[in-house]
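Structure, as structure tokens:
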Amino acid sequence: MKDFILFSGSSNVPLAREVAKLLNISLGKVDLQRFADGELRPWIKQDVRNKTIFVLQSFSYPMDEHIMEIVLMGDAIRRGAPETMIAVVPYLGYARQDKLHRPGEPVSARVIAKFLEVSKYKEVITVDLHNDAIVGFFQVPVTHLSALELLAAEVKKVVSSKNSIVVSPDVGGTKRARNLAYALDLPIIVMEKKRYLDRNDVTESYEIIGNVKGKTAIIIDDIISTGGTIADSAKSLKDAGVTSVVVLATHGVLAGNAKEKLIGAPVDEIVITDSINVPKVKFFPRLRMISIAPILADAIWRVVR
Ligand code: R5P
């Protein structure tokens with residue numbers, strides 16, 4: 001087995017600890033110090049020479065700080081001559097900016113990929129990218145994991161009836177919904193969502209094609225950010241006659257007043273993963289979190305075994 005260390009940035013220490021526990025190791029020692037003006041000064045306090053180094057960091061809020069952390073940690077580690085360095089990014093923030101939506105904008109996901117490469121990460125392990133094609137933005141190998149099986153297992157616990165449908169709240173999520181529908185042996189419907197380019201985070205859910213009356217709708221999405229997509233699609237589904245709505249999403253961004261919006265939405269249960277460290281205050285009784293630590297630990301194990 002390869003000699004390896006798992007370091008954690010500050011974005012999701014509970015998940016990093018859980019992964020370390022499953023691998024039967026302790027997290028690597030790092031001090032993420034800051035100068036008085038906020039400037040970051042990471043200090044790797046372990047010998048990394050000839051070792052396989054993993055750095056776990058979710059690009060969650062404040063994402064720019066978290067990205068800078070993994071970049072500077074990368075530079076600090078590579079100066080210690082490791083065998084290789086692998087970025088473990090459970091949530092790749094900026095992934096929604098994966099194309100030029102209008103002239104004058106960056107393709108930010110591509111820039112983020114570059115950041116990791118210039119910091120000398122030789123591989124990336126990530127989970128449920130907003131768009132599979134983002135893998136192509138990286139010059140280095142990417143292991144793109146999915147939480148779908150874990151989420152499907154949760155659905156089986158709460159939805160007993162076969163009278164259910166899998167719903168993608170937008171066309172972009174069709175593949176994701178199709179995979180879940182296949183895993184659960186259920187039909188799928190796709191809703192049409194409009195996003196206003198001049199108003200960030202504002203969406204409207206539109207048409208439902210197909211008969212949903214009397215069914216349980218299982219909405220699957222990659223991200224819940226403001227909660228707008230879920231609240232709007234759940235309402236449209238309810239208006240169309242579904243009896244209950246269960247929501248599955250990998251990344252619980254839960255920005256701004258998402259909690260309030262979701263509490264007010266006609267949703268019976270929401271299951272997210274711990275790809276993002278969601279603060280306790282953002283939880284409410286119908287929101288449940290499952291852990292992706294097993295799939296991350298397994299991916300790390302496959303590299304080092
Ligand atoms: C966008 O296409 C994504 O797949 C999600 O639907 C979106 O990020 C959710 O954002 P919000 O919760 O703000 O509607």
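Note that ligands are numbered from 1 as they come in the structure, with each ligand's atoms numbered from 1 the same way. Nothing here was measured: the structure is a model prediction, and the numbers come from that model. Numbers for residues simply follow the sequence, beginning at 1.
At a heavy-atom cutoff of 4.0 Å, ligand 1 is contacted by both the backbone and the side chain of Thr229. Only the side chain of Asp222 comes within contact range of ligand 1, with a heavy atom under 4.0 Å; no backbone atom does. Residue-level proximity to ligand 1 for Ile230 is absent, since no heavy atom of it falls below 4.0 angstrom.
Salt-bridge formation is detected for the pair Glu269/Arg288: a Lys NZ or Arg NE/NH1/NH2 atom is positioned less than 4.0 Å from an Asp or Glu carboxylate oxygen. A salt bridge between Lys45 and Asp31 is present, with a side-chain N of the basic residue lying under 4.0 Å from a carboxylate O of the acidic one. Look at Lys122 and Glu117 and you find no salt bridge, because none of the NZ, NE, NH1 or NH2 atoms lies under 4.0 Å from a carboxylate O.
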Output side-chain donor-acceptor pairs under 3.5 Å for residues 12-29, partner residues at least two apart or in another chain, one line each.
residue, atom, partner, partner atom, Å
Asn12, OD1, Leu15, N, 3.3
Asn12, ND2, Asp274, O, 2.8
Asn12, ND2, Ser275, O, 3.1

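At a 4.0 Å cut-off, not a single heavy atom of Pro169 sits close enough to ligand 1 to count as contact.
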- Hey, mind stepping through Asp64 and Tyr94 against side chain to side chain donor-acceptor pair (under 3.5 Å) and telling me if it holds? CA-CA 10 Å; Asp64 299 345; Tyr94 284 98; 2.5 Å; yes
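One option in Arg96, His251, His130 has a heavy atom closer to atom 2 (O) of ligand 1 than any other, and that option is His130. Among Thr226, Leu254, Leu262, the residue whose heavy atom lies closest to atom 11 (P) of ligand 1 is Thr226. Between Ile223, Ile219, Asp170, Val253, it is Ile223 that holds the heavy atom closest to atom 9 (C) of ligand 1.
Residues in residues 175-189 take part in these side chain to side chain donor-acceptor pair (under 3.5 Å) pairs, two or more places apart or across chains: Asp132-Lys175.
Not one N or O of Ile224 is nearer than 3.5 Å to an N or O of ligand 1, by distance alone.
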